[in-house]
Amino acid sequence: MPSIDFDASGAGPWVNYKDVLDDTVVDDNDVSAAPVRAPQRFSRDPNNRNSGPRWTHPDDQHRPGSRLFFDPFMDPMEVDKGLANRSLFQGQIRINPRKAIDAYVTCDQLDADIFICGNRARNRAMDGDTVVIQLLDVEQVWQERNDRDDAHRAKRKALKLQEQIARGEAKSQQDDPMPKFAGKVVRIRDFGSNRTFAGVLSCSMPGNGNNASYEPMRDVSSVQMPNFWFKPNDRRVPLVLIKHYELADNIIVQIDSYKTILVEVSVVRWPITSMRPHGRFIQVIGEMGDHFAEQHALCTENNIYDAPFDDVIIRSLNKLPKYIPDREFEVRRDLRHELVFSIDPEGAKDLDDALHIKQLDDGEFEVGVHIADVSFYVQPATPLDTEAKKRGTTTYLVNRAIPMLPPMLCETLCSLTPLDDKLTYSVIWRLDAEGQVLDTWIGRTIIRSRAQLSYEQAQAVIDGGSLPGVDDLDDFEPEDVAACILGLYKLSTFMRKRRFDDGALSMRSVKLKFVLDTASERPISVHSWESKASNHLIEEFMLLANMSVAEKLTTTFPEEALLRRHELPIERRMVKFAVVAKSLGYDMDVSSAAGLQASFDALEDPGAKEALLVLAIRMMKRATYFCSGSLATERFLHYALNARHYTHFTSPIRRYADIIVHRQLTAALTGQDIAEYYNKALVQRIAVMCNRRKDYAKNAQDQDSLLNLVDLLSQGDPDKLIIEQATVIHVGDHAMELYLPKYGEEARVSMSSLPLRSWLHKDGRLHLFWQRPQQEEQAQTVDDDDAMELAMQQLSLKDDASKEADVSIEPVVLHPPELDPATRRQTVRLLTSIDVLVVPDKTKSPPRLHLTPIYPF
């Protein structure tokens, strides 16, 4: 769904209901705090006799005397004026799933995020929306936040946590640092998604204690119907009110049976008189825990357009040329005589990049990267372009790909298949023997790939073997291709070393590779994917091509170029990471990407290195697209690559951003004025859209990987326990966080969920006092509790020697926990390795892995 600005229609996508003035929906927890405001009236500007009624969003209309839960959205003209004079700021809102009541907004004009306290200040915005913010007094807002959290803790103390409080669990102090900015949402400028979610239906509001079953009826038409509720899987999304007329009669009479049925619901409006958004029922997805129903649900949650291409798109394909027009041979550089080949994952169909190399007479090298010219087929303002923009990117799930373009394009017309003439964009360099760029040529070309190789085939050559499985190469031999692979590999090793010497950073997390059953498409085995020299070869030349094109666009279109940057990590987070690493005996230089990479390279213990890498990745932001004219040039830097200018040019079959870059490159090469059809404002909107689609695809792929892992681990013998080694990567007052290296998964373990008599967190260590197992309960005596209390007193009084000034400690490596059988005390800290029970759980949606520490005595 394309982005929608409230200003465009004055209504947005929520005005699908005719009854704008629905009755107030009362939330029991918030009604006392909601003010009764005077009804909003139209007014005219006395200085302008032609002024019309004041703008009012349809969701802000209400009956006189209604209770209003939010501020009305600001008039669009006032918003534009405020953004121009910087009394208002615009950015994307994000909500923490662990504490969904608060949010933050990232704004390019400010050097820190804006804190949004509570639901009212968020003003009906959802995660990912582009919002307009009015700044507030940060100290006052932060005090309100602390008072609210303290009141919530007090309520929990009084009602639910007496046992935990007696053991010292509850704590009221506020440790989080106060943010630099605070504000409130005055307008939602653009929806971050199509607001369609997966979850379950209920006849009563979840969490209000009313679990009474719905009385089934034979004739629903003669009964006063209640409202229904939708509980989304995504914790960042509030409960959604479903009017009874939105549900079919057969669902209403069987509503109790839908407690474990996943359904799809779309938010259509959110009245100012309701604490909850109103939704429309879309469809039943399937049984909770079913593999394919859960995959459908995660695609829904991440706004992945998992649908066949419609007839309009299919008909438009028939109009595309099936053969290269004669004119293209006249205007393009003909490279069909070169030995060009591709290297891709085994079985790949969307081949959008290929390479060639040849040694010149003076000993230098010519290397070309050739990219499918998708922009030749996907023209602006066509149905194909609209569809590609809507999808944004190809999403790669474990069992299938959800393409951005129809198969006829991405697998046939555009794909650089062997022995077919193809239209391409090429970047050709003249390189010296160590891969230094001496000259660069960029232009439109025609190529004829000779071979489609897999990474495994290329790796076999790099490892010293022959090239396996290659037959028809036209007038070339397999030995010719093998020599080219070795030549590219040799250059890439120089380029990679120089890139990291110059300050690049590599931070790769564990990536799982599944083997599927061909019939059921369900996983049957899994292993960690390993990046090899053949992957590095392709990576280096693709990075160089992207950088070369970025330099060209930035020079030609300094205000309109679509670029990509990786922001510097937030300083306070990196300093906190350095302090944590220092407490473990590791000096981590966080002043730059080069310093951080050098620090990781110096780590000798692989377990400690992997755990610290997990912590460091948490500090990083995701790379984003942007328009060059929207930011100061000093903010163009790609932190991880240490590149001044970078973009995405090499994958137009699967990324819409690359298609835009190709169009801009065409304009740059032909001398067109790009501002006529891709001005700064439009390019920035496209950048925001591409960022969203890329984030959605990445999140869906990660969730699908976990879904398949849970499915695989659930297939074993239910009586056989799955026990693995996990690393402690964080300890707190009431919980610890574990990292499972085998699968690259993280989990938070609450102390109250374990069979403990008590626990104590002190000086970076968590002391767990375990209960005896059931079979040993007879042996438990009063002396056990006395010994535990004495041990806790001694631990509380003990000082940590490492906290003294100028005391150096030996680097901590992965180590077993400290055990005291007399008190059944287990002590863990960062980098402690413990045995955990891995429990795949398909009873909830989405499925998840539980990691439970095992009784150590």
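The residues of the chain are indexed from 1 along the displayed sequence. Since the model is a prediction, treat every value here as computed from it, not as a measurement.
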Which heavy atom in [X] sits nearest to a heavy atom in [Y], and how many Å separate them?
X: Ala293; Y: Leu262; value: O-CD1, 4.2 Å
X: Val267; Y: Pro277; value: CG1-CB, 3.8 Å
X: Ser316; Y: Leu384; value: OG-CG, 3.8 Å
X: Ile93; Y: Val131; value: CB-CG2, 4.2 Å
X: Ile95; Y: Ala100; value: CG2-O, 3.5 Å
X: Leu397; Y: Cys299; value: CD1-SG, 4.0 Å

Would you mind telling me which of Arg122, Arg236, Arg148 makes a salt bridge (charged side-chain N to carboxylate O under 4.0 Å, His left out) with Asp102?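 That would be Arg148.
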
Would you check, one step at a time, whether the test side-chain contact (heavy atoms from CB on, under 4.5 Å) holds for Tyr258 with Ser202? CA-CA 8 Å; Tyr258 276 79; Ser202 174; over 6 Å; no

Here's one to test your reading of the geometry: is the NZ or CZ of [X] within 45 degrees of the ring axis of [Y] and under 6.0 Å from its centre?
X: Arg124; Y: Phe73; answer: yes
X: Arg391; Y: Phe309; answer: yes
X: Arg195; Y: Phe191; answer: yes

Heavy-atom distance under 4.5 Å between the side chains of [X] and [Y], does that happen here?
X: Phe181; Y: Pro179; result: no
X: Arg655; Y: Met404; result: no
X: Pro406; Y: Ile313; result: yes
X: Lys231; Y: Trp229; result: no
X: Leu247; Y: Ile242; result: yes
X: Arg748; Y: Arg98; result: yes
X: Ser257; Y: Lys259; result: no
X: Phe197; Y: Glu264; result: no

Determine whether more than 12 heavy atoms belonging to other residues, nucleotides or ligands lie under 6.0 Å from atom CZ of Arg618.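 Enclosed: over 12 neighbouring heavy atoms sit under 6.0 Å from CZ of Arg618.
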
Please say whether more than 12 non-hydrogen atoms of neighbouring residues, nucleotides or ligands are located less than 6.0 Å from NZ in Lys81.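 Not more than 12 within 6.0 Å, no.
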
For residues [X] and [Y], is any side-chain donor paired with an opposing acceptor at under 3.5 Å?
X: Asn691; Y: Thr624; result: no
X: Glu246; Y: His278; result: no
X: Asp129; Y: Gln92; result: no
X: Asn96; Y: Tyr104; result: no
X: Thr393; Y: Arg692; result: no
X: Gln143; Y: Asp147; result: yes
X: Gln90; Y: Arg189; result: yes
X: Thr260; Y: Glu287; result: yes

Looking at [Y] and [X], is any side-chain nitrogen of the basic one under 4.0 Å from a carboxylate oxygen of the acidic one?
X: Asp658; Y: Arg564; answer: no
X: Lys180; Y: Asp111; answer: yes
X: Lys680; Y: Glu560; answer: no
X: Asp702; Y: Lys698; answer: yes
X: Glu567; Y: Arg565; answer: yes
X: Arg573; Y: Asp113; answer: no
X: Arg153; Y: Asp150; answer: yes

Nearest 0.5 Å, what's the [atom1]-[atom2] distance between [X] and [Y]?
X: Asp234; Y: Leu298; atom1: CG; atom2: CG; result: 12.0 Å
X: Arg276; Y: Leu239; atom1: CZ; atom2: CG; result: 5.0 Å
X: Cys107; Y: Leu88; atom1: SG; atom2: CG; result: 10.5 Å
X: Asn123; Y: Met74; atom1: CG; atom2: CE; result: 10.0 Å
X: Asp704; Y: Gln295; atom1: CG; atom2: CD; result: 4.5 Å
X: Gln134; Y: Glu78; atom1: CD; atom2: CD; result: 10.0 Å

Evaluation steps, side-chain hydrogen bond (donor to acceptor under 3.5 Å, both in side chains), between Arg693 and Tyr656: CA-CA 9 Å; Arg693 303 312 309 176; Tyr656 186 73; over 6 Å; no

Taking [X] for its side chain and [Y] for its backbone only, find out whether a donor-acceptor pair lies under 3.5 Å.
X: Thr394; Y: Pro403; result: no
X: Thr300; Y: His296; result: yes
X: Ser266; Y: Val268; result: no
X: Asn303; Y: Asn194; result: yes
X: Asn699; Y: Asp695; result: yes
X: Ser274; Y: Pro271; result: no
X: Asn302; Y: Ile304; result: no

Take Tyr678 and Ile660 through the side-chain contact (heavy atoms from CB on, under 4.5 Å) test and state the conclusion after the steps. CA-CA 9 Å; Tyr678 279 126; Ile660 300 299; 3.4 Å; yes

Please lay out, stage by stage, how Asn233 and Glu301 fare under the test side-chain hydrogen bond (donor to acceptor under 3.5 Å, both in side chains). CA-CA 8 Å; Asn233 285 352; Glu301 289 289 329; 4.7 Å; no

side-chain hydrogen bond (donor to acceptor under 3.5 Å, both in side chains) evaluation trace for Arg94 with Thr106: CA-CA 8 Å; Arg94 67 180 190 277; Thr106 300; 2.8 Å; yes

Show the numbers, then the answer: is there a side-chain contact (heavy atoms from CB on, under 4.5 Å) between Phe115 and Met178? CA-CA 9 Å; Phe115 174 66; Met178 184 173 69; over 6 Å; no

Parallel, tilted or perpendicular, as decided by the 30° and 60° cut-offs, for the rings of Phe70 and Trp270: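 Rings of Trp270 and Phe70: perpendicular, as their planes differ by over 60°.
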
Going through the checks in order, is the side-chain contact (heavy atoms from CB on, under 4.5 Å) test met by Ile285 and Glu294? CA-CA 8 Å; Ile285 295 176; Glu294 292 290 354; over 6 Å; no

